[in-house]
4 protein chains.
Amino acid sequence: MLSALREAVLDANQSLGRLGLAPFTFGNASAIDRAAGLVAIKPSGVPYERMTATDIVITDLDGTVVDGTLKPSSDLPTHLVLYRAFAEIGGIVHTHSHFATVWAQARREIPCLGTTHADYFHGPVPVTADLGAGEIAANYEANTGHAIARRFAAVDPLATPAVLVASHASFCWGRTVPDAVRTAAVLEEVAQMAYHTLTLQANAEAIDAALHAKHFLRKHGPDAYYGQR
Amino acid sequence: MLSALREAVLDANQSLGRLGLAPFTFGNASAIDRAAGLVAIKPSGVPYERMTATDIVITDLDGTVVDGTLKPSSDLPTHLVLYRAFAEIGGIVHTHSHFATVWAQARREIPCLGTTHADYFHGPVPVTADLGAGEIAANYEANTGHAIARRFAAVDPLATPAVLVASHASFCWGRTVPDAVRTAAVLEEVAQMAYHTLTLQANAEAIDAALHAKHFLRKHGPDAYYGQR
Amino acid sequence: MLSALREAVLDANQSLGRLGLAPFTFGNASAIDRAAGLVAIKPSGVPYERMTATDIVITDLDGTVVDGTLKPSSDLPTHLVLYRAFAEIGGIVHTHSHFATVWAQARREIPCLGTTHADYFHGPVPVTADLGAGEIAANYEANTGHAIARRFAAVDPLATPAVLVASHASFCWGRTVPDAVRTAAVLEEVAQMAYHTLTLQANAEAIDAALHAKHFLRKHGPDAYYGQR
Amino acid sequence: MLSALREAVLDANQSLGRLGLAPFTFGNASAIDRAAGLVAIKPSGVPYERMTATDIVITDLDGTVVDGTLKPSSDLPTHLVLYRAFAEIGGIVHTHSHFATVWAQARREIPCLGTTHADYFHGPVPVTADLGAGEIAANYEANTGHAIARRFAAVDPLATPAVLVASHASFCWGRTVPDAVRTAAVLEEVAQMAYHTLTLQANAEAIDAALHAKHFLRKHGPDAYYGQR
């Protein structure tokens with residue numbers, strides 16, 4: 001069972017490299033086994049192409065390494081805060097994918113400018129508030145998680161499964177870690193479309209709420225009619 | 001004969017993936033057999049690389065599945081409206097290709113800024129009007145087709161074989177489905193050229209009508225002199 | 001000897017496709033044998049990957065086909081005017097490469113904004129004047145050549161081996177057709193660099209004339225000291 | 001030992017081509033053996049794919065060729081000035097990588113707009129002052145090195161291991177030549193992110209100094225906690 005979790009996390013991390021979402025080692029993926037209370041995460045600073053399943057680190061929800069010989073990703077504390085805050089998610093992906101990072105650097109939420117966005121995110125992709133000096137000085141990574149959780153106080157994390165951390169980059173999540181990887185890939189495309197739309201047409205506006213809901217609900221929830229069955 | 005139609009539609013759908021026009025499963029292609037009154041279309045939500053000819057769904061012009069075990073693309077009603085509105089077309093392609101989608105999100109027609117555009121489209125690439133709340137709430141996909149047909153009331157769909165659906169993406173068509181795929185590929189290039197031209201030179205103007213006609217008619221119609229024979 | 005000319009022209013045309021300079025069949029290359037007065041050029045509308053040496057068409061300087069069974073490129077008359085106007089050139093390449101075409105559509109010359117440009121072009125890359133209605137109506141392709149030749153009345157075509165045809169795309173040339181292909185590739189990179197520079201910094205200025213000359217003359221002419229020998 | 005130095009420099013030069021950092025032969029890499037006082041550098045104008053270890057030229061710190069039959073890169077004098085000015089560096093890379101060159105052409109330093117930048121550069125990436133006419137006319141390449149050294153009078157070259165030469169392109173360095181190659185790759189990504197951020201949001205500001213230091217010091221120096229060990 002740990003080995004299935006490790007394989008899923010290995011595959012997710014390597015997908016980030018393959019999909020061009022995490023140049024160098026700028027990114028990491030994790031998954032949680034809720035029943036066992038165990039998290040599997042990328043080891044810190046290991047290139048995707050050399051990583052093996054045994055390199056994946058297993059920790060408990062306090063971040064104590066339970067299995068594995070390598071150091072976990074330095075972003076582990078962010079992941080742990082999110083697993084505690086968002087009870088329904090099973091996987092998390094952090095990437096510095098190009099255009100999502102551009103919006104994070106611009107400290108702007110990504111407005112929903114078309115149905116590609118509406119198919120996957122039921123609202124704009126939000127951006128966190130800046131961290132204060134104290135939040136940077138101590139427990140920086142956990143505080144990054146808390147800033148995300150605060151931003152989602154009134155947002156359903158499964159309807160909007162991504163966030164931009166101001167001046168940093170994106171985190172995505174989902175019921176499973178492959179869902180989180182797919183969301184990261186869609187987010188990058190949507191971020192790039194929104195960049196090009198607003199640089200072409202500075203006053204482009206978010207789409208009509210009814211059209212937004214129509215597209216999201218074609219694909220998600222009890223009345224979805226997209227896909228097989 | 002159904003099998004030839006299925007193969008053509010399979011090949012067209014897979015071309016969209018290969019040409020980078022439809023990331024994920026954001027796109028679909030169909031073809032019509034006018035004599036038989038049958039339409040072959042992509043199944044809903046099936047990845048291009050796993051799709052086989054038997055997955056292609058055959059329906060009549062009312063959308064009733066005549067052959068095939070999968071659900072047709074949820075955009076089928078749009079295709080059917082277009083086949084009824086444009087009597088001469090034999091294939092349709094819908095993609096969320098990047099720059100065509102950017103223009104659709106900006107709700108702007110693509111002006112003809114150079115001869116690359118003029119070689120393929122005898123006018124700007126038009127954009128539809130927004131759908132009303134009622135058109136979104138019921139029969140959304142068929143209403144998307146009606147919005148396109150209304151936009152072409154005074155436009156020859158074979159001289160301008162593409163449209164931008166406002167806030168959504170593009171539809172392209174042609175006498176055959178491979179023609180529609182090639183138009184989708186050219187549209188993406190032309191949309192990207194127009195984006196870069198207008199962000200470099202905000203006041204760039206559409207080309208001279210005589211130059212536009214010259215280039216279109218070098219390649220199309222009785223006096224064409226491009227290509228062999 | 002004709003066969004060597006054909007092979008060089010085949011290779012040049014296929015290079016355009018391989019280098020991403022001529023999507024679809026938007027481009028053509030030719031070479032001249034000055035002693036024999038013969039020009040070898042791409043056939044019209046034949047995809048690069050299916051083209052063979054025997055498909056290359058041989059004409060005289062009046063455009064009469066001397067050898068070959070296919071129709072020559074419809075742009076042949078432009079090439080012929082340039083071979084007559086620029087006595088030292090041996091090869092010509094026409095492409096709709098993306099960013100060079102963007103500048104042509106913007107009807108702007110490409111200013112020399114850095115040493116990458118200065119290494120290859122001893123001045124800005126010029127843009128032609130618009131053609132008049134009469135020049136479009138009859139002998140359009142030859143008139144395109146005349147517009148280029150007029151633009152180079154006071155410019156050395158070997159020191160500035162490229163031009164932007166307004167609202168259309170680029171022509172490049174050189175002592176040999178491989179030189180012309182390399183110039184087309186460098187032009188595309190330089191055009192893209194200039195686009196990004198001016199969209200980042202609208203008031204960026206052409207580089208100092210002394211720096212421009214220094215870089216060009218490091219690589220060209222009697223005092224060149226770049227490369228071996 | 002010379003052969004290990006040659007292999008490292010060969011590999012670095014070929015990496016530039018493979019990573020897309022040096023289109024054509026726009027770039028060169030060198031390494032120094034401080035004990036022996038010998039520098040290994042790319043030969044001038046030789047394509048990366050044809051280059052072999054024996055083509056790499058060995059010179060002393062005055063630029064006299066000590067071993068090798070080819071001419072060294074014409075940029076050798078720049079490298080030599082940098083090796084003398086920055087005592088701790090072991091390798092140098094010069095590239096015309098696209099977006100770094102765009103910032104050099106815009107004559108703008110790259111501000112730190114996010115943590116991707118902060119992870120690698122402890123400050124903005126500086127730009128040199130223009131060279132004077134006399135500095136261009138004689139000893140141009142050495143004077144380029146002096147302009148860089150002057151710009152770093154008050155900057156630690158290992159904390160900011162890259163520079164933009166105004167109107168030209170970038171130089172990067174590090175304790176070893178593979179470090180310099182990795183810095184060149186990161187610089188290109190960071191330059192592109194900054195371009196897109198500022199064209200999206202013209203008034204985007206450099207990140208908070210505390211956040212900048214936090215990220216740089218997570219990866220560099222005695223308190224680093226990123227990576228294994």
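Note on naming: letters A, B, ... go to the chains in the order of the sequence lines (proteins, then strands), and numbering restarts at 1 for each one.
Residues B/T197 and C/A106 approach most closely at CG2-N, 3.8 Å, considering heavy atoms. Of all the heavy atoms in C/S74 and B/R218, the pair that sits closest is OG-NH1, 3.6 Å.
Side-chain atoms of B/L211 and C/S167, non-hydrogen and from C-beta on, do get closer than 4.5 Å to each other. Considering only heavy atoms from C-beta on, C/T101 comes within 4.5 Å of B/T116 through its side chain. At least one side-chain heavy atom of B/H215 sits under 4.5 Å from a side-chain heavy atom of C/Y140. In this structure, C/H96 and B/T115 have side chains that are in contact, with non-hydrogen atoms separated by less than 4.5 Å.
Between the NE2 atom in B/H117 and the CD atom in C/Q105 there is a gap of 9.5 Å [rounded to 0.5 Å].
The part of C/V46 that comes within reach of chain B is its side chain, from C-beta onward, which places non-hydrogen atoms under 4.5 angstrom from that chain. The contact between B/A185 and chain C is made by backbone and side chain atoms together, counting heavy-atom distances below 4.5 Å.
Classified by interplanar angle (parallel below 30°, tilted 30° to 60°, perpendicular above 60°), the ring pair C/Y195/B/H196 is perpendicular.
Between the side chains of B/E189 and C/H98, at least one donor N or O sits under 3.5 Å from an acceptor N or O.
Ion pairing of B/K214 with C/E141 is absent here, as no side-chain N (NZ or NE/NH1/NH2) approaches a carboxylate O to less than 4.0 Å.
In this structure, the side chain of C/R108 does not engage the main chain of B/Q201 through any donor-acceptor pair within 3.5 Å. For the pair B/Q228 (side chain) and C/K71 (backbone), a donor-acceptor distance under 3.5 Å is present.
With respect to chain B, the highest number of heavy-atom pairs below 4.5 Å among C/G45, C/S44, C/A104 belongs to C/S44. The candidate from C/I136, C/L198, C/T199 with the greatest count of non-hydrogen atom pairs under 4.5 Å with chain B is C/I136.
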